[in-house]
Amino acid sequence: MGPLVRPEIRTYEKVYSIKYSLFARWVEATIMGIEKKEAGCKSYKICYVKNNHAEKVLGRTIPGKHIAYFNACPTRIPVGTRIIARYKDEDQKPMEGGSFYVGIIAEIPTGANKHRYLIFFDDGYAQYVNHSDVRVVVETSTQPYEDVASDSREFIKDYLHTYPERPMVRLQKNNFIKTEWNGRWWKAQVLEVDASLVKMFFPMDGRTEWIYRGSTRLSPLFNKKMNIQSKAEQVNKTIRRRTLPFNKSAPVVEYVNMSQEQDQNSAPTAPVEKRAVARKSTTGRPGTPPQEVQEQIYHESRGFIRKKPIQNIALPKFTPHQCSKTCDLSTKTSEEIVSPLLKPILRDWRRQISKERKKTVSRNVISYVAPCGRRLRSMEEVFRFLRLVESDLEIDFFSFDIAIDPTNEWEPAKKNIFLSDISSGIENIPISCVNSLDKNHPTDLIYCNIRQPIEHVNLNLDPNFLVHCNCTDDCQDKSRCECWQLTTEGTKYLGMGEDADIGYRFRRLHESVATGIYECNSRCSCKNTCLNRVVQHPIKQKLQLFKTARRGWGVRTLHDIPQGAFICVYVGKVLNEAVANLEGKMTTGGDDYYAELDFIEVVENMKEGYESEVEDDADEDSSSKNVSKIRISTVETSENGPEPASLNDDDDIDFDVSPVERMSLEHREPSARLQARAKRSGSSNSSTNNSGNSSPDRDVEDEEGNDEQQRQPQTFEPTQVTRPPKQYRAARELYGPDEKVYIMDAKVSGNIGRYFNHSCQPNIFVQNVFVDTHDIRFPWVAFFASMRIRAGTELTWDYNYEVGSVPGKIKYCYCMSKKCRGRLL
Ligand SMILES: C[S@@+](CC[C@H](N)C(=O)[O-])C[C@H]1O[C@@H](n2cnc3c(N)ncnc32)[C@H](O)[C@@H]1O
């Protein structure tokens, strides 16, 4: 199809025209005369058509912005075009009924949207419409959004500004998500997803509504917008990576880019090269299990898994005995650099897969057989055995995960460049570097694995300030170890109660601990075999730096890593905020290797949320204070119908609008916004609205002399609320009035942790750990495997950047995961 043509309108031609108001349905009319005005604009004298006859009463003279062609456009209509489109209620068949309402084209027909146009109507409705149900408006302003009714104008302006890239909430059927309706947040359920639209069900009144997935009436987008606003307000902001993830289960906002399928003349195009690549990687992706991501990245790396040959020794015959030191005496010593999981096996331990039958079900399970023939069936048993026989094997050399194969070893197929150890012996285990794509070496790095505070960063490592323990049981008993207790007590800080089992289990971490982990330290009496010493040990995994196609250098594992295993820490210079802001801006990518030590901020944000939750309850009957969670969950099934969603319903997956925002939303009169809108549209009837549209309603009535009822307006955005300033920064302020967050900068010097790339579906996560200081401004930043990771897979974490938070900076994401959100920044 060719470019959009707007043929000249002639007298006696049939058109569609505004009649009652801009919002109301457009009706058939006939052009009775044309007047030329300044600047080439025309005004049209029309009369309305009724039952195929011109009405007796002549209509009036209106601008070209208020009439649309009678026939469908012969060419495809680009995004941003001012149109009218036939809106049909859901129960109407494709060929029947519906009325024309004014709006703009938001999407052109593509395979992804089943070859329909997405229309944003001025009155806040969004619908997919076939080409035959769209008519082009005869004249538009230079910027089509200027003609849009004021309630939707800002939204549509932003939309057109960023198109073809659009933030949208990724949703699936049955998800619950906080959704704004009538000035309040409600817990609504996804009934259906149709391309960029989602059909939400509001249980409180049984109504359903199709909403654009990029609308800020969906809480994840609202929250994102609020975050961006507050971040953009901070001057001198440079990019940092959050070191603690939070609200991980929230539905994500993705940056969808439809440009691959778009018409060439349909949208503003952006900086060519970057977008051209980003487009390929960001179009509509359904959720996928993590393993698929691993496979995908694994294949990108092009290589193969070698099985490490293990000498097939006969299983030692077990003769009953009391185990002692001699039970793990190995004559074998191996200098070979191997996976930690292979170490016991090279020392004559056996890792066996056997069938376990329980009632009628049988499954494969792992057991280890020690050199003395003793069979051990769990981490507990292995740990007890190792202690008993005083073995120098460590508990994290063992894994009972059936899918882990310690003999797997990744080998790249091609090595243009091979460096045997980028750490130059600083790490215990060499970190090789391979470039299979070209012949470039990584840029120079001063490798170091200890953080380096710059001048004036007062990192006090005096051990006398450390709490310590006197345990002699390798700190197995968490309730007796003072260091473990610091970790468990931290969880109480958030008011969620104490979780005695939180943190490491046999040196693996399966879930991050937001309030930090306190490891045993140099003052403790426990030994190196202690279960509470993890990130202070050197790297054990065999990692390799490798060149990726689009993300620079990245890191992969050369063997299988079990879930929860410690990988390494993130090390660099420790800068104060002022220096970081200065240095970050001095060179391009100066802030690429910044990681913010925002432990205090994240924990306080979480606590702040909790405390305000309690404050909110103060408004209620005091008897309900301690049962808010139960009350909310009963409310949902009660006969009185559900109440608006609040922060109390902890089963909710996404809502993190700050308590103050929530209050300001909830305390508004439920119908205040609607009334205001009705009033506004009423007043625009008698005046000229912002877009310069003179509204015809005043002098036009229908044939019975009544104003036609316009449909109830909807919105794309909730009424704006501004994010309040943070209520307190108590902990940070304890260190001084000017105390700001510190930043780890690994640009010039750092360890392998600096090379981890970002993924929207990562396989490692970050944990703040206190090792050499209990000063909460200076946690160690440590990485753990969030899932089982197969040999050859790239290790990635979620940078948690906020898209749009650094004005003028755009970074596209090439993580290639099926859940890619499209943008880093
Ligand atoms: C901490 S560095 C990671 C190592 C980096 N790739 C290198 O070659 O040194 C962060 C930078 O890597 C790139 N990067 C990381 N993850 C990416 C992703 N998913 N998509 C695009 N670029 C990415 C970006 O340039 C980012 O600023």
Side-chain angles (χ1 to χ4, degrees), residues 165 238-243 252 254-255 257 271 273-282 285 293-294 296-297 300-301 417 419 422-423 431 433-438 440-447 543-556 567-573 575 580 583-585 587-596 743-764 766 781 783 793-803 805-806 808-825:
E165 192 181 77
T238 49
I239 320 153
R240 314 241 182 82
R241 207 154 302 136
R242 297 199 79 84
T243 52
V252 287
E254 57 189 349
Y255 286 78
N257 193 317
E273 206 193 317
K274 278 186 172 179
R275 287 215 175 193
V277 191
R279 281 170 189 155
K280 288 193 188 69
S281 61
T282 59
R285 297 177 169 89
V293 181
Q294 295 185 26
Q296 196 180 354
I297 296 171
E300 189 209 19
S301 306
I417 299 291
L419 309 173
I422 58 155
S423 88
I431 298 174
C433 168
V434 166
N435 188 342
S436 310
L437 302 178
D438 52 46
N440 294 333
H441 284 241
T443 47
D444 286 345
L445 171 76
I446 304 169
Y447 197 97
L543 306 176
Q544 184 170 76
L545 185 65
F546 75 108
K547 184 77 183 288
T548 70
R550 295 186 199 151
R551 289 157 284 125
W553 295 85
V555 183
R556 67 183 157 217
I567 314 282
C568 70
V569 287
Y570 189 105
V571 159
K573 285 194 285 179
L575 313 181
E583 291 195 353
K585 284 179 174 173
T587 50
T588 333
D591 45 14
D592 275 0
Y593 299 89
Y594 279 4
E596 195 168 65
I743 289 108
M744 191 94 80
D745 173 16
K747 185 169 174 66
V748 179
S749 55
N751 70 337
I752 185 70
R754 80 189 284 276
Y755 289 109
F756 289 137
N757 284 319
H758 161 90
S759 173
C760 301
Q761 209 172 353
N763 51 18
I764 63 176
V766 75
V781 175
F783 295 102
T793 308
E794 181 175 358
L795 304 181
T796 52
W797 61 303
D798 187 341
Y799 288 0
N800 260 313
Y801 283 154
E802 197 77 64
V803 173
S805 61
V806 184
K809 193 143 190 172
I810 293 179
K811 249 184 205 245
Y812 293 96
C813 180
Y814 304 128
C815 75
M816 299 196 309
S817 79
K818 298 226 164 157
K819 289 191 171 172
C820 182
R821 303 191 287 268
R823 276 183 49 184
L824 277 174
L825 275 172

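Whatever order the structure lists them in is the order used to number ligands and atoms, beginning at 1. Not measured: the values here are computed from a predicted model.
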Discussion item. I'd like to check the ring pair (Phe, Tyr, Trp, His ring centres under 6.0 Å) partners of Tyr755; sequence neighbours left out, ordered by chain and number.
Written reply: none
Worksheet item: For ligand 1, which atoms sit closer than 4.0 Å to a heavy atom of Asp592?
Response: 1 (C), 2 (S), 10 (C), 27 (O)
Practice prompt. Using a strict cut-off of 4.0 Å, indicate which atoms of ligand 1 neighbour a heavy atom of Phe756.
Written response: 3 (C)
Worksheet entry | For Tyr814, atoms of ligand 1 separated by under 4.0 Å from a heavy atom | 18 (C), 19 (N), 20 (N), 21 (C)
Discussion item. Between the side chains of Lys809 and Asp591, is the shortest nitrogen-to-carboxylate-oxygen separation below 4.0 Å, so that they form an ion pair?
Written reply: yes
Worksheet entry | Polar atom proximity, Ser759 to ligand 1 (N or O, under 3.5 Å) | no
Worksheet entry | From CA spacing to verdict: side-chain contact (heavy atoms from CB on, under 4.5 Å), Asp798, Arg821 | CA-CA 11 Å; Asp798 187 341; Arg821 303 191 287 268; 3.2 Å; yes
Discussion item. I'd like to check whether Tyr570 has a polar contact with ligand 1, where a contact means an N/O of the residue lying under 3.5 Å from an N/O of the ligand.
Written reply: no
Discussion item. Just to be sure I'm reading this right: ignoring hydrogens, which of Asn757, Thr548, Leu445, Val555 gets closest to atom 4 (C) of ligand 1? Compare them by their nearest heavy atoms.
Written reply: Asn757
Fill in: Proximal atoms of ligand 1 relative to Cys815 (non-hydrogen, under 4.0 Å)
19 (N)
Worksheet item: So how far is it from Cys568 SG to Ile431 CD1, rounded to the nearest 0.5 Å?
Response: 7.5 Å
Distance-only donor-acceptor pairs under 3.5 Å for side chains of residues 744-752, two or more places apart:
from   : atom 1 : to     : atom 2 : distance (Å)
Asp745 : OD1    : Lys747 : N      : 2.9
Ser749 : OG     : Gln452 : OE1    : 2.9
Asn751 : OD1    : Val571 : N      : 3.1
Asn751 : OD1    : Gly753 : N      : 3.1
Asn751 : ND2    : Val569 : O      : 2.6

Worksheet item: What atoms of ligand 1 come within less than 4.0 Å of a heavy atom belonging to Tyr812?
Response: 20 (N), 21 (C)
Discussion item. Does the residue Cys813 have a heavy-atom contact with ligand 1, meaning some pair of atoms that are separated by less than 4.0 Å?
Written reply: yes
Worksheet item: Is there a side-chain contact between Phe546 and Leu437, using heavy atoms and a 4.5 Å cut-off?
Response: no
Practice prompt. For Gly552, take its heavy atoms, then give the atoms of ligand 1 lying under 4.0 Å from any of them.
Written response: 6 (N), 8 (O)
Response to the item:
A student comparing Tyr593, Tyr594, Trp797, Tyr755 should find that the heavy atom closest to atom 9 (O) of ligand 1 comes from Tyr593
Discussion item. With ring pair (Phe, Tyr, Trp, His ring centres under 6.0 Å) as the test, pick out the partner of Phe756 among Phe783, Trp797, Tyr799.
Written reply: Phe783
Worksheet item: Do any nitrogen or oxygen atoms of Arg550 lie less than 3.5 angstrom from nitrogen or oxygen atoms of ligand 1?
Response: no
Response to the item:
Per-atom filter on ligand 1: closer than 4.0 angstrom to a heavy atom of Trp553 are 4 (C), 5 (C), 6 (N), 7 (C), 8 (O)
Discussion item. Need the ligand 1 atom indices (1-based, order shown) with element for anything under 4.0 Å from a heavy-atom of Arg754.
Written reply: 1 (C), 2 (S), 3 (C), 4 (C)
Worksheet item: Roughly how far, to the nearest 0.5 Å, is the CD1 atom of Ile764 from the OG1 atom of Thr793?
Response: 12.0 Å
Practice prompt. With heavy atoms under 4.0 Å as the rule, classify the contact between Tyr799 and ligand 1 as side chain, backbone, both or neither.
Written response: side chain
Discussion item. For ligand 1, which is the ligand I care about here, please tell me if Arg551 has any N or O atom under 3.5 Å from one of the ligand's N or O atoms.
Written reply: yes
Practice prompt. May I have the step-by-step check of side-chain contact (heavy atoms from CB on, under 4.5 Å) for Asn435 and His441, ending in yes or no?
Written response: CA-CA 8 Å; Asn435 188 342; His441 284 241; over 6 Å; no
Practice prompt. Say whether Tyr801, considering both its backbone and side-chain N or O atoms, lies within less than 3.5 Å of an N or O atom on ligand 1.
Written response: no
Discussion item. Return the CG to OG1 distance between Asn763 and Thr796, rounded to the nearest 0.5 Å.
Written reply: 4.0 Å
Worksheet entry | Aromatic Tyr593 / basic Arg754 pairing, under 6.0 angstrom, 45° off normal | yes
Worksheet item: Using a heavy-atom cut-off of under 4.0 Å, does the side chain or the backbone of Leu824 touch ligand 1, or both, or neither?
Response: side chain
